[in-house]
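For reference, the structure is listed below as structure tokens.
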Amino acid sequence: MTTLSQHPGPPVAGWVEPDLVAARERAWLAPYATRSADTAGRRHAECERPGAGPYAIDRDRILRSAAYRRLSAKTQVFTGEHGDYHRTRLTHTLEVTAVARTLGRALRLNEDLIESLAQAHDLGHPPFGHAGEATLDRLLADQGGFCHNRHALVLVEELEQFNPAFPGLNLTAEVLAGQATRIRSGPNSPASLEVQVVEAADSIAYDAHDADDAVELGLLELDELLALDLWGQAARRVRRHYAALTPGELRRAVLGDLVERQLDDLVTQFYRQADVASIPSAAAAATAGLRVAFSPAWAGEKLACEQFLFDRVYRHPQVLRMRERAQGQLAGLFACLAACPDLMPARYRGRVAQVGLERAVGEYLAGMTDRYVNDRHRVWCEGAKEPARLPPSEPS
Ligand code: MG
């Protein structure tokens with residue numbers, strides 16, 4: 001890993017570029033925040049754009065990647081057949097990023113790093129959400145399985161291309177390390193505070209929006225949610241201010257209340273930790289075991305809520321039917337491509353020599369959107385006629 005190289009020089013003789021990022025971070029970030037100036041840099045040395053900061057540059061590269069845009073057509077919990085109201089993997093990512101930035105600002109952490117980590121956190125998700133991941137994991141069991149968090153690293157380090165001089169997006173060591181800590185089976189290196197913020201924001205976002213989507217789609221009744229302690233208390237708080245609300249108004253107000261309360265809890269818990277004010281650096285925060293975590297009361301309530309969502313939404317017959325169809329389509333395409341790898345585009349055929357046939361097929365399938373899986377299954381497995389002109393949906 002090399003440190004960041006210097007920009008070639010000022011555009012006007014004698015003009016000195018002020019280090020705005022360092023100055024802003026000195027003025028605003030807490031001593032325990034990750035500093036851009038302390039980055040361990042990128043694998044391949046590059047000239048950095050002055051005034052942007054390394055983590056903002058990472059964010060821009062992630063946003064411009066094909067894998068990021070394809071999140072718009074990948075399942076969070078519900079697929080396209082459920083209409084247009086529900087979250088996709090992309091809108092989930094945007095909600096996580098918004099919550100994470102708000103939390104990071106309150107804790108005076110590095111928001112640029114938080115934004116990059118949040119935008120990248122689900123980049124490796126295959127089509128059809130966790131059903132797709134479980135299928136690929138089973139199909140690749142002999143090759144070490146499939147984990148979307150690990151696949152995100154393969155995407156940003158090998159498959160995406162930003163500069164012809166090297167593979168991948170050449171992200172900073174801190175963004176790569178942060179994503180690596182999300183791999184549960186990986187080495188347990190301590191997660192930075194910025195990574196912990198994204199984890200907490202992910203949990204806040206999906207608990208809220210999966211419940212919201214499930215009610216809107218008619219899989220759950222609002223009254224069933226209001227019977228949970230967490231939702232019931234939030235509804236009482238809301239009704240103290242608004243006596244007559246429609247069910248839709250009440251649901252949205254309760255969701256807003258729950259997100260705000262969880263943020264308040266995280267911030268309060270954080271500043272309650274001993275010696276927060278005297279921790280001098282991000283490294284010292286890791287040594288001291290500084291945590292971004294819910295209070296035991298909130299953690300317990302969230303667990304009960306997540307168990308309810310698991311039983312009632314993620315195991316709903318409609319969702320299970322979608323899972324089964326998705327698993328069948330992915331397994332069918334896997335067998336078809338393993339038998340005829342020439343159906344894959346050149347760069348995935350090229351991956352076969354590097355990572356083996358099964359892994360290359362798995363990577364190709366993981367890059368597909370839900371609708372591209374449907375489309376390819378129709379043509380390659382069901383014998384439908386190939387459209388005259390293919391839309392540019394193929395993972396590239
Ligand atoms: Mg997520």
Side-chain angles (χ1 to χ4, degrees), residues 58-59 62-63 65 67-79 82 86-104 111 113-137 146-156 171 175-186 191-214 255 258-259 262-263 266 292-294 299 302-303 305-307 309-310 313-314 319 322-323 326 366-370:
D58 283 359
R59 174 206 57 213
I62 293 161
L63 258 58
S65 69
Y68 183 81
R69 285 190 302 282
R70 291 210 167 90
L71 296 176
S72 70
K74 289 187 173 191
T75 292
Q76 170 65 22
V77 173
F78 305 103
T79 57
H82 288 101
H86 63 271
R87 276 70 174 178
T88 65
R89 194 57 66 177
L90 180 64
T91 63
H92 160 72
T93 297
L94 294 172
E95 288 191 41
V96 172
T97 305
V99 173
R101 285 196 63 143
T102 300
L103 181 56
E111 286 178 54
L113 176 55
I114 285 171
E115 192 173 13
S116 287
L117 290 164
Q119 296 283 16
H121 90 283
D122 269 353
L123 215 50
H125 246 294
F128 303 116
H130 291 285
E133 178 168 39
T135 307
L136 288 180
D137 190 42
F146 179 88
C147 158
H148 78 271
N149 286 322
R150 185 177 286 118
H151 187 60
L153 284 176
V154 174
L155 280 166
V156 299
L171 303 179
V175 171
L176 296 177
Q179 183 61 26
T181 61
R182 292 177 55 83
I183 303 169
R184 303 277 178 234
S185 57
S192 67
L193 290 170
E194 284 82 1
V195 170
Q196 295 182 48
V197 161
V198 174
E199 291 287 314
D202 195 17
S203 162
I204 291 175
Y206 64 64
D207 278 359
H209 65 47
D210 289 355
D212 182 51
D213 286 352
L255 279 169
L258 286 174
V259 170
Q262 289 176 78
L263 284 169
L266 287 166
V292 179
F294 292 103
K302 278 176 70 67
L303 208 60
C305 188
E306 283 164 11
Q307 186 60 49
L309 288 175
F310 182 84
V313 178
Y314 311 141
V319 175
M322 177 277 283
R323 277 182 76 97
M368 291 184 178
T369 58
D370 298 357

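We count residues from 1, following the sequence as given. Counting starts at 1 for both ligands and their atoms, following the listed order.
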- Relative to the Mg ion (ligand 1), how many protein N, O or S atoms have a separation of less than 2.8 Å? 4
- Note on the structure: Of D122, D370, L123, the one forming a side-chain contact (heavy atoms from CB on, under 4.5 Å) with R89 is D122
- Task: Sequence neighbours left out, what passes side chain to side chain donor-acceptor pair (under 3.5 Å) with E115? Give chain and number order.
- Result: R59, R101
- Message: Going by ring pair (Phe, Tyr, Trp, His ring centres under 6.0 Å), name the residues that satisfy it together with H125, two or more places apart in sequence or in a different chain.
- Response: H130, H148
- Query: Heavy-atom distance under 4.5 Å between the side chains of L263 and V99, does that happen here?
  - Reply: yes
- Side chain to side chain, Q179 and L117, heavy atoms closer than 4.5 Å: no
- Residues at least two apart in sequence or cross-chain that pass side chain to side chain contact (heavy atoms under 4.5 Å, CB included) with S203, listed by chain then number, are Y206, D207, F294, K302, E306
